[in-house]
Protein chains: 2
Amino acid sequence: MSTKEMRKHSGVVSGFLKGLANRDRLLILCELAEGEKSVTSLIEATGIAQTSMSQHLSKLKDENMVSFRREHRTLYYFISHDAVRDVMGVLHQHFCKESKT
Amino acid sequence: MSTKEMRKHSGVVSGFLKGLANRDRLLILCELAEGEKSVTSLIEATGIAQTSMSQHLSKLKDENMVSFRREHRTLYYFISHDAVRDVMGVLHQHFCKESKT
DNA sequence: ATATGATATCATGAATATATAAATTGTAAA
DNA sequence: TTTACAATTTATATATTCATGATATCATAT
């Protein structure tokens, strides 16, 4: 994990992390971690406003974190980058474990 | 990895990720991944301006990602959150592997 | 006490990110 | 072809982040 090595990649990596570093986008990615979802069902599940959802998805697309396929009028989004799943896994472990009852 | 579960923690988690989501702070954390370092040696190793370094370290402290100890006039910073090491590990795997020569 | 070294804080402006509303595009049903 | 639905794009106001320069603090050596 040398600095020299990271220096080469820090632009891409920080971009990736910026994609993740937002409450709403974390919720979206949690939903997508379960499998592909339509935009409408993401809106229902998260309560995020439609326009806002579209912008967040667009940002996630820009960072190559998600992709989508169209079926009729509906777009189905899904996680398209393994690093997303792995990072979410680590975050879940460290931040989402129940404390003892 | 339910949304309900993440909803409770998404504020903390996105704060944590914002701490990580910056080129300079990634470089700083790469250095600290090797062990504790003084501010001066961090400045030398990374080339980040003094004021800027101080602000970045302050932000990392706010997110509980690093701590420091004082020895005479010198402050030694170190990573104080396991999630930092684990997330950095995943990022390294996915983004910093050499492609085949 | 004063000077110096190591670091932090403050103030400012430029660049980015976010939320909201309005207008637009693309697909399919009537 | 008109209408409605699903989603994106554009515009704009506000908030946050970041870089820089100036100043301040705190510990130590003289």
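Throughout, a chain's letter reflects where its sequence line sits, starting with A, and its residues are numbered from 1.
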- Query: In whole angstrom, what separates A/L27's CG from C/dA19's P?
  - Reply: 12 Å

- Task: Could you check how far CG of B/D62 sits from C1' of C/dA8, rounded to whole Å?
- Result: 13 Å

- Whole-Å distance between D/dT20 P and B/M53 CE? 13 Å

- Any idea which of D/dA19, C/dT18, C/dT7 is nearest the B/H56 side chain? D/dA19

- Spacing between A/I48 atom CD1 and C/dA21 atom C1', to the nearest angstrom: 18 Å

- Can you find a side chain N or O atom of B/N22 that sits less than 4.0 Å from OP1 or OP2 on D/dC18? yes

- Please check the phosphate of D/dA6 (OP1 and OP2 only) for any side-chain N or O of A/R70 closer than 4.0 Å. no

- Query: Can you find an N or O donor on one side and an acceptor on the other, under 3.5 Å apart, linking the side chain of B/Q55 with the base of C/dA8?
  - Reply: no

- Any side-chain N or O of B/T51 under 4.0 Å from OP1/OP2 of D/dT20? no

- Task: Using atom CD of A/E44 as one end and atom P of D/dA7 as the other, report the distance to the nearest whole Å.
- Result: 10 Å

- Message: Parallel, tilted or perpendicular: which one describes the rings of A/H94 and B/H81, with boundaries at 30° and 60°?
- Response: perpendicular

- Item | Heavy-atom closest pair, residues A/I28 and A/T46 | N-CG2, 4.5 Å

- Presence of A/R73 side-chain N/O under 4.0 Å of D/dA4 phosphate oxygens OP1/OP2: no

- Identify whether the distance between the nearest side-chain nitrogen and carboxylate oxygen of A/E36 and A/R69 falls below 4.0 Å. yes

- Taking all non-hydrogen atoms of both residues, which atom of A/S10 and which atom of B/L26 are closest, and how far apart? O-CD1, 3.8 Å

- Using only side-chain N and O atoms of A/Y77, determine if any of them is under 4.0 Å from OP1 or OP2 of D/dA6. no

- Query: When rounded to the nearest 0.5 angstrom, what distance separates OG in A/S80 from NZ in A/K61?
  - Reply: 11.0 Å

- Look at A/H72 and C/dT27 and indicate whether a side-chain polar atom (N or O) is within less than 4.0 Å of OP1 or OP2. no

- Message: Rounded to whole Å, how long is the line connecting atom CD of B/Q50 with atom P of C/dG5?
- Response: 14 Å

- Nearest-Å distance for atom pair CG/C1', residues B/L75 and C/dT9: 14 Å

- Is the shortest side-chain N/O distance from B/K59 to OP1 or OP2 of D/dC18 below 4.0 Å? yes

- Mapping A/D24 and A/E71 to their closest nucleotides on DNA chain C, which lands nearer the 5' end? A/D24

- Position toward the 5' end of DNA chain D (nearest nucleotide), A/I43 or A/K18: A/I43

- Message: OP1 or OP2 of D/dA19 versus the side-chain N and O atoms of B/S52: is any pair under 4.0 Å?
- Response: yes

- Message: Base, sugar-phosphate or nothing for A/R23? Non-hydrogen atoms, less than 4.0 Å.
- Response: nothing

- Task: Kindly give the heavy-atom pair with the smallest separation between A/L32 and A/Y77, and that separation in Å.
- Result: CD2-O, 3.5 Å

- Between D/dC18 (P) and A/L17 (CG): distance, integer Å: 12 Å

